[in-house]
Amino acid sequence: MTNNVRVRFAPSPTGHLHIGGARTALFNYLFARHHRGTFILRIEDTDQERSTKEFLESILKGMEWLGMEWDEGPFHQFERLAVYREHVEKLLKAGKAYRCYCTPEELEVKRKALLAAGGKPKYDGKCRTGDRGLRTTERKPSCIRFKTPQEGLVEFNDICRGRIVTDRKELDDMIILRTDGTPTYNLTVVVDDVTMKITHVIRGDDHLNNTPRQIQLYEALGFAVPQFAHLPMIHGSDKKKLSKRHGAVSVVEYQEQGFLPEAMLNYLARLGWSSGDQEIFTKKELIEKFDLNAVGKSPSIFDIGKCTWVNSQHLAKLSERELVEKTKPYLKGLGLKVEDAEYAAKALHSERERGKTLKELAEISAFYFRDEVVWDEKAKAKWLDEKGKKHLKPLLEKFQALSRWNEEEIKQSFAAAQQELGIQKMLDLAQPLRTALTGTTVSPGIFEVLVILGKERVLKRLGKALV
RNA sequence: GCUCCCUUCGUCUAGUGGCCUAGGACAUCGCCCUCUCACGGCGAAGACACGGAUUCGACUUCCGUAGGGAGCACCA
């Protein structure tokens with residue numbers, strides 16, 4: 001199973017690339033790379049009503065951001081209509097498909113009746129018999145149905161689920177070509193997977209029930225059946241299907257929130273899959289260790305909290321240079337510009353373990369880059385009161401007098417001021433200073449901040465705080 | 001309604017008949033570190049859905065029940 005592995009991710013452009021889709025894409029991607037196979041991107045856009053260019057672009061953008069490069073495609077089903085018709089024709093000639101003249105209204109009535117009677121709303125096969133099968137000259141509108149074999153069982157061995165058995169009687173004659181001449185999903189997916197020589201169909205388990213139908217199509221068309229792997233779904237925090245509120249948003253939104261693509265990949269991979277006790281994986285490790293057999297069966301819930309933690313772990317591995325480059329856009333979003341890369345590196349480094357996302361990091365580091373301190377009113381009221389200002393004044397004078405601006409000198413000045421002022425706890429001098437310099441009560445170590453900001457900024461900010 | 005699938009701490013998971021007094025991670029709580037907040041360290045709490053059967057022995061096998069999910073479209 002090396003080298004000739006061919007898998008595909010086949011989204012339909014009727015929505016964004018969301019967490020669930022991205023995870024499916026990822027497992028296909030990892031499987032392909034692990035086996036040095038081929039990863040194909042196919043766009044399932046036969047439903048022209050609901051497919052849009054915007055969604056297509058969104059999907060492509062998401063794939064790109066996550067770094068799941070594909071080897072072939074994107075292929076568009078809409079451009080392959082002739083291929084599907086050819087196969088439908090083949091089935092028709094072989095007597096394995098037939099024209100159906102039932103109207104949607106008629107079918108709807110029957111479906112409701114069956115459902116009301118407590119049964120399964122299967123097609124009753126009204127047009128199945130008779131000699132009208134090949135009479136294409138018939139003027140009445142018609143679609144094409146697959147003549148589903150009704151005897152025996154369909155079985156297959158799912159890589160994730162094991163043996164799945166279905167009674168053929170449960171399956172009805174599905175429509176494979178619509179009245180308007182466009183093919184439906186179950187037909188296109190089979191024809192495409194065959195013509196694209198897909199060896200492993202890895203998809204969400206919402207397709208588990210479709211698989212027996214598709215297998216019958218493979219059989220009727222005389223094609224070899226690929227291997228299947230049905231992945232458990234990802235649910236929202238209410239254990240229900242993913243919806244807009246919890247995770248069905250575009251993955252690109254996570255980029256905006258300051259998540260690293262490699263962290264996203266890492267977290268997504270751990271949803272339904274694991275490798276011992278390991279939590280943090282590089283992309284390379286993911287490719288090395290990924291194994292479809294280790295994929296679980298039960299659905300999982302997307303937990304933004306853990307995803308954020310994984311992100312913080314990857315953030316910690318970034319070099320200072322990468323950190324600056326990756327945080328820049330978020331600083332820009334705050335209207336801040338990085339002018340001095342070295343200064344930015346020190347500034348961001350000092351805050352890096354406090355920010356779990358790039359966006360957060362930019363926000364808490366913003367004070368380094370602003371010309372004017374933005375005050376947190378509560379902090380100002382508490383620490384920059386008359387007492388605070390009184391304490392800060394001698395400190396400012398000591399700082400002014402320093403000829404060398406390094407941690408050692410600064411500490412000495414600070415300690416001297418503290419002693420002269422008779423302040424017992426360092427806190428009582430550190431917090432007013434911190435507030436004066438950063439505008440808040442939370443920041444990296446005060447001496448670190450002092451050194452990074454530099455004498456000029458410190459004196460300026462202290463001066464303003466004392467007004 | 002019918003058919004199929006799923007079920008270990010709140011969440012992600014380890015566990016493939018004795019290694020389980022059920023392990024790890026996130027989150028939570030406590031303590032330590034400490035100039036704030038984090039990081040880090042230590043610790044606590046917290047789960048095998050339920051009922052039968054098989055077995056010397058079941059988280060692990062089988063059968064039911066309950067709960068959840070999916071499919072039953074001229075959607076994919």
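FYI, side chains are in, hydrogens and waters are out, and symmetry mates aren't considered; it's all heavy atoms of this structure. Lettering of chains follows the sequences in order, A, B, ..., and the numbering in each one begins at 1.
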Checklist entry - Say you pick atom C1' in rC48(B) and the same atom in rU21(B); how far apart are they, in whole Å? => result 14 Å

Checklist outcome for this item: Between E170(A) and A294(A), whichever has its closest RNA chain B nucleotide further toward 5' is E170(A)

Checklist entry - So does E279(A) pair up with K306(A), basic N to acidic O under 4.0 Å? => result yes

Checklist entry - Can you tell me the Watson-Crick or wobble partner of rG17(B), both distances under 3.5 angstrom? => result none

Checklist entry - P atom, rC5(B) versus rC62(B): distance in rounded Å? => result 12 Å

Checklist entry - Got a sec, which residues hit side chain to side chain donor-acceptor pair (under 3.5 Å) with T148(A), two or more places apart in sequence or on another chain? => result D173(A)

Next on the checklist: Checking contacts here: which listed nucleotide (rA76(B), rC74(B), rC72(B)) is nearest the side-chain heavy atoms of P121(A)?
Outcome noted: rC72(B)

Next on the checklist: A cation-pi test, strictly: NZ or CZ of R99(A) under 6.0 Å from the centre of the six-membered ring of Y101(A) and no more than 45 degrees from its axis. Yes or no?
Outcome noted: no

Item to check | Spacing of Y101(A) atom OH relative to rC74(B) atom P, expressed in whole Å | outcome: 17 Å

Next on the checklist: Can you check the distance between rC32(B) and rC37(B), where both ends of the measurement are the P atom (answer in whole Å)?
Outcome noted: 13 Å

Checklist entry - Contact class for T46(A) vs. all strands (heavy atom < 4.0 Å): base, sugar-phosphate, or nothing? => result sugar-phosphate

Next on the checklist: Between R203(A) and E44(A), does any NZ, NE, NH1 or NH2 come within less than 4.0 Å of an OD or OE carboxylate oxygen?
Outcome noted: no

Next on the checklist: The criterion is ring pair (Phe, Tyr, Trp, His ring centres under 6.0 Å); which residues satisfy it with F9(A), sequence neighbours excluded?
Outcome noted: none

Next on the checklist: Here's a test of your reading of the structure: between G119(A) and R434(A), which maps to the more 5' nucleotide of RNA chain B?
Outcome noted: G119(A)

Item to check | Contacts of type ring pair (Phe, Tyr, Trp, His ring centres under 6.0 Å), residue W383(A), not counting sequence neighbours | outcome: none

Checklist entry - Under a 3.5 Å cut-off for both distances, is rG46(B) Watson-Crick or wobble paired, and to whom? => result none

Item to check | Under the side-chain contact (heavy atoms from CB on, under 4.5 Å) test, residues paired with K90(A) that sit two or more places apart | outcome: F223(A)

Next on the checklist: In whole Å, I'd like the distance from the CD atom of Q214(A) to the C1' atom of rA76(B).
Outcome noted: 10 Å

Checklist entry - Say you pick atom P in rG24(B) and the same atom in rU34(B); how far apart are they, in whole Å? => result 28 Å

Checklist entry - What nucleotide among rG69(B), rC35(B), rC72(B) has an atom nearest to a side-chain atom of M426(A)? => result rC35(B)

Look for any protein N or O under 3.5 Å of an N or O in nucleotides 37-42 of chain B and output each such pair with its distance, or none.
| from | atom 1 | to | atom 2 | distance (Å) |
| --- | --- | --- | --- | --- |
| rC37(B) | O2 | R354(A) | NH1 | 2.5 |
| rC37(B) | N3 | R354(A) | NH1 | 2.6 |
| rA38(B) | O2' | E353(A) | O | 2.6 |
| rA38(B) | N3 | E353(A) | OE2 | 3.4 |

Item to check | Pairing nucleotide - rU54(B), Watson-Crick or G-U, each distance under 3.5 Å | outcome: none

Next on the checklist: Could you tell me how far apart K306(A) (NZ) and rG24(B) (C1') are, to the nearest whole angstrom?
Outcome noted: 9 Å

Next on the checklist: Roughly how many Å apart are rG52(B) and rG57(B), using the P atom of each and rounding to a whole number?
Outcome noted: 15 Å

Taking distance alone, no hydrogens or angles, what donor-acceptor pairs closer than 3.5 Å link side-chain atoms of residues 360-370 of chain A to residues at least two apart or in another chain?
| from | atom 1 | to | atom 2 | distance (Å) |
| --- | --- | --- | --- | --- |
| E360(A) | OE1 | K356(A) | N | 3.1 |
| S365(A) | OG | L361(A) | O | 2.7 |
| Y368(A) | OH | S350(A) | OG | 2.7 |

Checklist entry - Rounded to whole angstrom units, what separation is found between the CG atom of L187(A) and the C1' atom of rA73(B)? => result 15 Å

Next on the checklist: What contact category does I446(A) fall into here, base, sugar-phosphate, or nothing, at under 4.0 angstrom with non-hydrogen atoms?
Outcome noted: base

Checklist entry - Heavy-atom distance under 4.5 Å between the side chains of T441(A) and K382(A), does that happen here? => result no

Checklist entry - Quick one: ring pair (Phe, Tyr, Trp, His ring centres under 6.0 Å) partners of W405(A), sequence neighbours excluded? => result F399(A)

Checklist entry - Which is true for H230(A) with a 4.0 Å heavy-atom rule: it touches a base, it touches only sugar-phosphate, or it touches nothing? => result nothing

Checklist entry - Over how many whole Å does the gap from Y123(A) atom OH to rU3(B) atom C1' extend? => result 21 Å

Item to check | Residue-level proximity of residues 262-280 of chain A to RNA chain B when a heavy atom falls under 4.0 Å | outcome: R270(A), L271(A), G272(A), S274(A), D277(A), E279(A)

Next on the checklist: Over all strands shown, is C102(A) touching base, sugar-phosphate only, or nothing at heavy-atom distances under 4.0 angstrom?
Outcome noted: base

Checklist entry - Salt bridge check: are K126(A) and E106(A) linked by an N-O gap of less than 4.0 Å? => result yes

Next on the checklist: Counting the atoms with a prime plus P, OP1 and OP2 as sugar-phosphate, which does D206(A) contact under 4.0 Å by heavy atoms, base, sugar-phosphate, or nothing?
Outcome noted: sugar-phosphate

Item to check | Base rA76(B) paired with N210(A) side chain (donor-acceptor, <3.5 Å) | outcome: yes

Next on the checklist: Among residues at least two apart in sequence or on other chains, which ones pass side-chain contact (heavy atoms from CB on, under 4.5 Å) with N210(A)?
Outcome noted: Y185(A), N186(A), H207(A), R213(A), Q214(A)

Next on the checklist: Restricting to side-chain contact (heavy atoms from CB on, under 4.5 Å), what partner residues turn up for K411(A), sequence neighbours left out?
Outcome noted: E407(A), F447(A)

Item to check | Separation of the P atoms in rG68(B) and rU28(B), to the nearest angstrom | outcome: 29 Å

All N/O pairs under 3.5 Å across the protein-nucleotides 5-8 of chain B interface:
| from | atom 1 | to | atom 2 | distance (Å) |
| --- | --- | --- | --- | --- |
| rC5(B) | O2' | R161(A) | NH1 | 2.2 |

Item to check | M174(A) CE - rA73(B) P separation (whole Å) | outcome: 12 Å

Checklist outcome for this item: For rA70(B), the nucleotide meeting Watson-Crick or G-U wobble distances (both under 3.5 Å) is rU3(B)

Checklist entry - For F78(A) and rA76(B), what is the distance between atoms CZ and C1' respectively, to the nearest whole Å? => result 15 Å

Checklist outcome for this item: Rounded to whole Å, NZ of K120(A) lies from C1' of rC72(B) at a distance of 5 Å

Next on the checklist: Restricting to ring pair (Phe, Tyr, Trp, His ring centres under 6.0 Å), what partner residues turn up for F39(A), sequence neighbours left out?
Outcome noted: Y29(A)

Next on the checklist: Work out how far the C1' atom of rA70(B) is from that of rC31(B), and round it to whole angstrom.
Outcome noted: 48 Å

Next on the checklist: Measuring to OP1 and OP2 of rC72(B), would you say a side-chain N or O of R111(A) lies under 4.0 angstrom away?
Outcome noted: no

Item to check | Nucleotide opposite rA22(B) in a Watson-Crick or G-U pair, distances under 3.5 Å | outcome: none

Checklist entry - Taking any strand in view, what nucleotide pairs with rC31(B) in a Watson-Crick or G-U wobble way, both distances under 3.5 Å? => result rG41(B)

Next on the checklist: I'd like to know if E377(A) and K380(A) make a salt bridge, using a cut-off of under 4.0 Å between side-chain N and carboxylate O.
Outcome noted: no

Item to check | Pairwise P distance for rC12(B) and rA47(B), with rounding to whole Å | outcome: 16 Å

Next on the checklist: Counting only Watson-Crick pairs (N1-N3 plus N6-O4 or O6-N4) and G-U wobbles (N1-O2, O6-N3), all under 3.5 Å, who is the partner of rC9(B)?
Outcome noted: none

